[in-house]
Structures are given as C-alpha cells and as structure tokens.
Amino acid sequence: MNTYDDSVMDVLKELSNIGAGNAATALSLLLNKKINMNVPTAKIVSFNEIMDLIGGAERPVAAVFLKMEGEIEGSLFFVLSLEDATRFVQQLTHDPTTNFEKFQYEEMAISALQELGNIIAAHYLSAISNSIGQKCTPSVPIVAIDMVGAIVTEGLLQVSEDSDHAIFIDTRLEEITDDSIHQAKGHFFLIPYQESLEKIMRTLGVK
C-alpha cells in the first residue's frame, strides 16, 4: 500500500464533509428537523482494520450496502448502531414499535433505513466523484441487520480479489430540536476496486 500523507487525508476529509453537509440538508427536509453532519475522521484502512473500527466482529449493527457503478466501481457500506437506526427509522415512519435492537420491525422500517443510507451514500459519492471528474452512482441499497463480521465479510467477497483497502469515513450526526441535541455516530466505508482507488488517489495527489 502507498503511504498517503496528511495533505491527501485532509482533502479526503474535506470532500467527505461536503458530502455530509449536502446529506444533512436532505435529511433535514426528510425528518423536518435540523440535522448537522460532520466527518471527524477520513482515512485509508486495510480490510483487517474494518471490523475493529466498527466495534468488533460480534457487534450487532444495522448496515446499508450498495454497489458503486460507473467510472468508479466497488462497494460501500453505511453502518449505524441498532439504537441509532431504531431512532431514525421511528422518526421516518412514525412507528414507535420499530426496534432493531429487539429485531422488531416491518418492511416499512427496512425501506426507511434503505432511504436513510441511500441519501447519505449518494451525497458522499457525489462529492467525491465530482471532485475527481469520474462519474459514479450508487445501486439500489440492501439492508442487513446482523453482526459486523457477517456483514463485512459478505460485502468484501465481491471485491477482495481485486482490492484490500477501504476509505473509512467516520460520520457524526446531530438531531437538533428546541430543547435537545441527539448525537449519533455512523461509519461509512467506501471500498473501490484497485483501479478505481488508484484513480481517486492520483486525483488527490498521490503519484
């Protein structure tokens, strides 16, 4: 793996924050409340680091999985804790009985989680692809409620023969109301095929 200096990581973080800002605007309209999003961390990680960064292979999470299609190809995940996924979906569906932590949810809850992940993924990808001048669109999202190990392993099977690194984007969301601020933490993993990763890195300044 190439050594990516701090300036490249700073650019990657800046692009991610642009995507997060656009996603926050879309989520604010969807939820009818103010949403702030920011990216405290953006870096290149090995596949071996992914599970640890999400909380360990046995941690149960809610994940939205999409494929990247176009001039930049690969896979991507958006991962939330079951508690935060429950909170967002309850607000989207107005159904207080949804509870991913207890595996109590209907098809509408899954659709709402798909929409949440799709909004965030689409805006992140748009910020990155616009910057590097390469078209990239997300596929129809797939939702999984499972342990980190099972989710990540299944997603990596599709790209592991061609690539062994991912772009990790730590995501913080704030829901702001008149009397409270609720914080949620998500993880966004963009796993490009090797050729696509090289395109991204070349544009960001890596020879």
Side-chain angles (χ1 to χ4, degrees), residues 9-45 50 53-54 61-70 72 74-94 100 109-144 151 155 166-177 180-192 196 200 203-204:
M9 296 299 98
D10 287 344
V11 173
L12 184 59
K13 182 178 175 180
E14 181 181 349
L15 293 177
S16 301
N17 270 312
I18 292 172
N22 293 337
T25 299
L27 288 176
S28 295
L29 293 172
L30 189 65
L31 294 170
N32 195 29
K33 64 174 60 177
K34 184 172 178 56
I35 301 290
N36 286 336
M37 290 178 63
N38 64 77
V39 176
T41 306
K43 57 185 178 180
I44 308 295
V45 300
I50 291 179
L53 287 168
I54 304 179
V61 293
V64 182
F65 169 72
L66 308 94
K67 292 182 180 180
M68 297 182 293
E69 300 172 340
I72 298 295
S75 302
L76 58 88
F77 299 87
F78 179 66
V79 180
L80 283 170
S81 71
L82 297 184
E83 178 185 2
D84 288 330
T86 295
R87 180 181 178 85
F88 278 113
V89 168
Q90 284 181 349
Q91 292 180 63
L92 286 168
T93 62
H94 305 289
F100 291 110
I110 295 297
S111 296
L113 193 55
Q114 284 178 325
E115 181 63 17
L116 177 69
N118 193 47
I119 287 172
I120 293 173
H123 285 90
Y124 276 19
L125 282 183
S126 177
I128 293 173
S129 63
N130 287 343
S131 174
I132 66 176
Q134 301 285 333
K135 293 181 180 179
C136 180
T137 57
S139 68
V140 175
I142 299 172
V143 170
I151 290 171
I167 297 173
F168 167 73
I169 301 171
D170 209 11
T171 303
R172 292 187 182 172
L173 302 91
E174 289 183 342
E175 301 172 61
I176 302 173
T177 61
S180 68
I181 297 177
H182 177 78
Q183 295 186 334
K185 184 176 181 180
H187 306 286
F188 187 79
F189 284 93
L190 189 154
I191 309 174
S196 295
I200 295 171
T203 305
L204 296 182

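Residues: numbered from 1 along the sequence shown. Note that the coordinates shown come from a computational prediction; the quantities given were computed from them, not determined experimentally.
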To the nearest 0.5 Å, what is the distance between [atom1] ([X]) and [atom2] ([Y])?
X	Y	atom1	atom2	result
Phe77	Phe65	CZ	CZ	5.5 Å
Ile119	Gln114	CD1	CD	12.0 Å
Ile151	Ile54	CD1	CD1	8.0 Å
Lys13	Ile18	NZ	CD1	13.0 Å
Ile169	Ser16	CD1	OG	3.5 Å

Looking at [Y], is its backbone amide N or carbonyl O close enough to the side chain of [X] to form a donor-acceptor pair, meaning the two atoms are under 3.5 Å apart?
X	Y	answer
Thr86	Phe100	yes
Ser196	Ile72	no
Ser28	Ala24	yes

Open item on the list: Under the rule for side-chain contact (heavy atoms from CB on, under 4.5 Å), what residues qualify as partners of Lys185, not counting sequence neighbours?
Closed with: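 So Lys185 forms a side-chain contact (heavy atoms from CB on, under 4.5 Å) with Asp170, His187.
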Task: side chain to side chain contact (heavy atoms under 4.5 Å, CB included) between Met68 and Ile191, worked out - done: CA-CA 9 Å; Met68 297 182 293; Ile191 309 174; 5.8 Å; no
- [ ] Return the set of residues passing salt bridge (Lys or Arg N to Asp or Glu O under 4.0 Å) with Glu175 (not counting sequence neighbours), or none when no residue passes.
- [x] Lys33, Arg87
Write down the atom of [X], the atom of [Y], and the distance for their closest heavy-atom approach.
X	Y	result
Pro138	Leu66	CB-CD2, 3.6 Å
Ala20	Val39	CB-CG2, 4.1 Å
Gly186	Leu173	N-CD1, 4.3 Å
Leu80	Ala85	CD1-CA, 4.1 Å

TODO: Might you work through the side chain to side chain contact (heavy atoms under 4.5 Å, CB included) test for Leu190 and Ile128, ending with a clear yes or no?
DONE: CA-CA 11 Å; Leu190 189 154; Ile128 293 173; 3.9 Å; yes
- [ ] Provide the full list of salt bridge (Lys or Arg N to Asp or Glu O under 4.0 Å) pairs with a residue in residues 117-133, sequence neighbours left out, each pair given once.
- [x] none
Any heavy-atom pair between the side chains of [Y] and [X] that's under 4.5 Å?
X	Y	answer
Val45	Ile50	yes
Asn38	Thr171	no
Glu69	Cys136	no
Leu113	Glu115	no
Phe189	Ile167	no
Ile176	Ile35	no
Phe78	Leu76	no
Val64	Leu116	no

Task: Partner set under side chain to side chain donor-acceptor pair (under 3.5 Å) for Ser129, not counting sequence neighbours - done: none
- [ ] Identify, with sequence neighbours excluded, every residue that meets side chain to side chain donor-acceptor pair (under 3.5 Å) alongside Ser126.
- [x]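 Counting only residues at least two positions away or on another chain, Ser126 forms a side chain to side chain donor-acceptor pair (under 3.5 Å) with Asn130.
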- [ ] Could you note down all residue pairs passing ring pair (Phe, Tyr, Trp, His ring centres under 6.0 Å) where residues 117-137 supplies at least one of them, sequence neighbours left out?
- [x] Tyr124-Phe188
Task: Full working for side chain to side chain contact (heavy atoms under 4.5 Å, CB included) between Phe168 and Leu53 - done: CA-CA 9 Å; Phe168 167 73; Leu53 287 168; 4.1 Å; yes
- [ ] For the residue pair Thr25 and Asn22, confirm or rule out a side-chain donor-acceptor distance under 3.5 Å.
- [x] no
Open item on the list: Would you say that more than 12 heavy atoms from the other residues, nucleotides or ligands in this model lie under 6.0 Å from the CD of Glu174, or not?
Closed with: yes
